[in-house]
There are 2 protein chains.
Amino acid sequence: MPDRGITPAVRNRTRTATIEVVKISEGVEWAAHCCLLLDWMGEDGPVSTARLAAGYGLPPAYLNKQLQPLVKAGILTSTAGKKGGFRLARPLGEITLMDVLAAIEGPAEAFQCAEIRQNGVWADLPASAFRAPCAIDAAMRGAELEWRRALAAQTLAAIQSNAELQAPGLRTQVQEWYARPRQ
Amino acid sequence: MPDRGITPAVRNRTRTATIEVVKISEGVEWAAHCCLLLDWMGEDGPVSTARLAAGYGLPPAYLNKQLQPLVKAGILTSTAGKKGGFRLARPLGEITLMDVLAAIEGPAEAFQCAEIRQNGVWADLPASAFRAPCAIDAAMRGAELEWRRALAAQTLAAIQSNAELQAPGLRTQVQEWYARPRQ
DNA sequence: CCTTATTTGGATATGTAATATCTAGATATG
DNA sequence: CATATCTAGATATTACATATCCAAATAAGG
């Protein structure tokens, strides 16, 4: 359908007004699911991007891009060449959600203090006042630390165990699904 | 300097490779700082966007945009017209960092589960398997809850108190800074 | 009543990051 | 040697954070 010169801003006028800024990229979800899948399928050698992508209906090329930082982080190992693919570098019990998040999103904190306090009102204060971190920044960092602690307490093994409790026989189901021929 | 047909991707080639996706918008920092400022200055009636912006060297028009959700959330009250501006709607002790974050960023969780489990491998499972939430999603939500709990435990009053401990006489300093004539 | 200073809401502009694809090169299988 | 794979980089597309501007409503003060 033609645009008729309508700008994006006008086209989006009716979209929901609520912004969601603090957002984790989908790559984290993909990575965590793929780790579970690799554990279920890991006995037959490395699993290729194509097979992992097919398992969750994901775009293969982009999934491959997302898996590469996991290799760099030492969560997965990769093998090139025919029959190549990805393997878990260590058992699920030794991989936490924090590991996955840090691998995909990087180590940066969610709250990035821009130190705006130094721009105006505080400008005349002695330099000693800025040695201590911004009180807002400190509070935000403290809260984020709680988040990271909770993420680090969740191993993929525990998550897999919960998933299997919800859907008994999941491991078998997965292996059967992959055994069936696909077009 | 002319572009010579160089694409953005090429221009950015040398930028840092690390991505930081989980990010809180600067508006949260601005909003929290402005609340502290409003408490320090609140006795002389409402404070205009222009004065708040000058206090931290922020763009006035955009700061005004960021303050509006705080009004909607009931953290600030606003008065239109000459001598108008913003006031705290309640004492700093009754405003938490969670209140500010929720006002600016909206109520959405950082981890948005796309339910990719339903796309492939799980497709043949009975519907009952999907009544329980995705185990990865549940773990992420639990960790985020810890973050929110910690943010909700931090009042702006406590943060202001810390700031004043770091820089004694801050309240006086702020009022003097604003009393001085500005071009 | 008029001028001025302000908030509010919408439209718009710009830059950057997430999402996604493609190609070339390296690597391994058989 | 042909094929299948990972790796790295370039590129394309879309969404969103950032930022500005304008019109309308509102209030203060002469």
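First the proteins, then the strands, lettered A, B, ... as listed; each starts at 1.
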For [X], salt bridge (charged side-chain N to carboxylate O under 4.0 Å, His left out) partners two or more places apart:
| X | value |
| --- | --- |
| A:Arg87 | none |
| B:Glu144 | B:Arg148 |
| B:Glu115 | B:Arg117 |

Drop me the distance from B:Trp177's CH2 to B:Leu170's CG, to the nearest 0.5 angstrom.
12.5 Å

What is the distance, rounded to the nearest whole Å, between atom [atom1] of [X] and atom [atom2] of [N]?
| X | N | atom1 | atom2 | answer |
| --- | --- | --- | --- | --- |
| B:Arg51 | C:dT7 | CZ | P | 12 Å |
| B:Gln68 | D:dA19 | CD | C1' | 14 Å |
| B:Glu105 | D:dC16 | CD | P | 13 Å |
| B:Lys72 | C:dT7 | NZ | P | 14 Å |
| A:Gln112 | D:dA17 | CD | P | 15 Å |
| A:Ile104 | C:dT19 | CD1 | P | 10 Å |
| A:Gln66 | D:dT7 | CD | C1' | 15 Å |
| B:Leu67 | D:dT18 | CG | C1' | 15 Å |

Compare the minimum distances between each of D:dA19, C:dG9, C:dT19 and the side chain of B:Trp30, then state the nucleotide with the smallest one.
D:dA19

Using a 4.0 Å cut-off on heavy atoms, which residues in residues 76-90 of chain A reach DNA chain C? List them by number, or say none.
A:Ala80, A:Gly81, A:Lys82

Sub-4.0 Å heavy-atom contacts from residues 58-65 of chain A onto DNA chain C, ordered by number
A:Pro59, A:Ala61, A:Tyr62, A:Lys65

Distance-only donor-acceptor hits, side chain of residues 54-64 of chain B, under 3.5 Å, sequence neighbours excluded:
from	atom 1	to	atom 2	distance (Å)
B:Tyr56	OH	B:His33	O	3.4
B:Tyr62	OH	B:Gln66	NE2	3.1
B:Asn64	OD1	B:Gln68	NE2	2.8
B:Asn64	ND2	B:Thr49	OG1	3.0

Please tabulate, for the side chains in residues 69-84 of chain B, all donor-acceptor contacts under 3.5 angstrom to protein atoms that are two or more places apart in sequence or on a different chain.
none

Quick check on C:dT7: is either OP1 or OP2 less than 4.0 Å from any side-chain nitrogen or oxygen of B:Thr49?
yes

If only side-chain N and O atoms count, and only distance matters, is there a donor-acceptor pair under 3.5 Å linking B:Gln173 with B:Trp40?
no

With sequence neighbours left out, what residues match A:Arg51 under side-chain hydrogen bond (donor to acceptor under 3.5 Å, both in side chains)?
none

Residues forming a side-chain hydrogen bond (donor to acceptor under 3.5 Å, both in side chains) with B:Gln160, sequence neighbours excluded
B:Asp39

